[in-house]
Number of protein chains: 2
Amino acid sequence: MPRTNRTRYTILGVLTHGAMSGYDVKSFIERSIGNFWRESYGQIYPTLKALEAEGLVDRERREGSGRPDRNVYSITRRGSETLREWLVLPAEPEIPRHELLLKLFFGAQVDPEDNLRHIARYRAQAAEALVMLRSTSERLIVSRPDAADLPFWLLGIRLGVMVNEGVVDWCAEAEAVLRGATTAEDLFVT
Amino acid sequence: MPRTNRTRYTILGVLTHGAMSGYDVKSFIERSIGNFWRESYGQIYPTLKALEAEGLVDRERREGSGRPDRNVYSITRRGSETLREWLVLPAEPEIPRHELLLKLFFGAQVDPEDNLRHIARYRAQAAEALVMLRSTSERLIVSRPDAADLPFWLLGIRLGVMVNEGVVDWCAEAEAVLRGATTAEDLFVT
DNA sequence: GCCATCATGTAATCTGTTACATGATTAT
DNA sequence: ATAATCATGTAACAGATTACATGATGGC
């Protein structure tokens, strides 16, 4: 059994926030869940077509005044049902792939400075993510204090904050170990 | 440009730990880096063939006494160089996909209990992972205290511990929010 | 007797990215 | 001028999983 196609459900879920075009779906995903989910046009456009053929979304053609014509999609009753059926199913555990850890695992093959460069880059990415996450949470709290999905959005951001804080702490530990200031064993004793 | 094929380098890296068969490569990956990396036979066997054709690994056929014959692969000098070239390159950021957060993002579409079930399952997985990670670290520290790669192995485990501890904490917060005991906004104030 | 482990490999299939093609409008 | 945004779509291709095929040995 191949992995279930989650693009379908992502699009259906996005369309519960209102009718929109494929282009809009993409930018909605980037702005709202881009932190933990991504879709490309190469997936979105064909999937929208398939969803329409299955009666899970409706399409309405809108003449673009000046702008290109848009296909505006809205979710159907059957689409909502299909979405809810999937939402209550247990989330499949993600297949783990962490290239940084993979490279570090083979770190004995390269110079210590190479490993330290990896860590520094990783810490910078996590720190940058934290800034983004915190500013997004603030913006949401002031601009949409009454939205029904606000708690769900904030919980996603909150997990990102906690994980990235952990990453930043780990980077400090990793640097200490790679510089020889600590042994890795000590990390587990304390 | 397609994403670089990391299976190649994973196999080369594994073979720095000694000559072994495709079967061994798979079980080595599962036991050592299974926590953050996975490969299937469907990838390993064809990749080993390709690596041999490129002169990055050598193959030696060993008659199995009783057992099936084995193809034992060892990394060549050129293989080691190719590996090191890749190891020093910046790790490509993983494309994020987190099905649990995706489902939770659309959580307003289902009953609160459905969301709570997701969280409970997620916490159980993280708790189980923590038990595994801690016991692995202890086993490594006592059994291979002198191995040159021990610090690298332990650092990988340590990140897993820190991230999963964060996940467990987050699950408690998420449950409080979903039960209405706290508001999501409060999570960001404190 | 049966299951786990050892052992190799192919085929079918899917998911998903990237590049390409096209072209108007608006803001800088 | 020119870059960014709006807007839709296809084609090529790679990465990866799963299922299938085959078969022996050794422990319970």
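Order of the sequence lines sets the chain letters (A, B, ...), proteins ahead of strands, with each chain counted from 1. FYI, side chains are in, hydrogens and waters are out, and symmetry mates aren't considered; it's all heavy atoms of this structure.
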Rounded to whole Å, please give me the gap between CG in D24(A) and P in dC6(D). 8 Å
Report which part of the nucleic acid G42(B) touches: base, sugar-phosphate, or nothing (heavy-atom distance under 4.0 Å, all strands). base
Taking CD from E30(A) and P from dT17(C), how many angstroms apart are they, rounded to a whole number? 11 Å
side-chain N/O K49(B) vs dT10(C) OP1/OP2, d < 4.0 Å: yes
Whole-Å gap separating P (dT17(C)) and CZ (R97(A)): 15 Å
Check this one for me: any side-chain N or O of S21(B) less than 4.0 Å away from OP1 or OP2 of dC6(C)? no
Distance-only polar pair, side chains of T47(B) and R8(B), donor-acceptor under 3.5 Å: no
Starting from C1' on dG15(D), measure out to CD1 on I11(B) and report it in whole angstrom. 13 Å
Closest to the side chain of N5(A), out of dT17(C), dT15(C), dT17(D), is dT15(C)
R6(A) vs dG16(C): side-chain N/O to OP1/OP2 distance below 4.0 Å: yes
Counting side-chain heavy atoms from CB outward, which of dG16(C), dA7(C), dA7(D) is closest to Q43(A)? dG16(C)
Nearest-nucleotide check on DNA chain C, Y73(B) vs S27(B); residue mapping nearer the 5' end is S27(B)
Regarding E173(A) and R123(A), does a basic nitrogen lie under 4.0 Å from an acidic carboxylate oxygen? no
For the side chain of N71(B), starting at C-beta, report the closest nucleotide among dT17(D), dT8(C), dA7(D). dT8(C)
Residue pair D186(B) / T183(B), side-chain donor-acceptor N/O under 3.5 Å: yes
Between dT17(C) (P) and Y41(A) (OH): distance, integer Å: 13 Å
Between atom CZ of R31(B) and atom CG of D24(B), what is the distance when rounded to the nearest 0.5 Å? 8.0 Å
Check the distance between dA7(D)'s C1' and L48(A)'s CG and give it to me in whole angstrom. 13 Å
Rounding to an integer number of Å, can you tell me how far Y45(B) OH sits from dT18(D) P? 17 Å
Please report the distance, rounded to the nearest Å, between CD1 in I44(B) and C1' in dG15(D). 14 Å
Could you tell me whether E138(B) and R134(B) have a side-chain N and a carboxylate O separated by less than 4.0 Å? no
Would you indicate, yes or no, if dG16(C) has its OP1 or OP2 atom less than 4.0 angstrom from a side-chain nitrogen or oxygen of T7(A)? yes
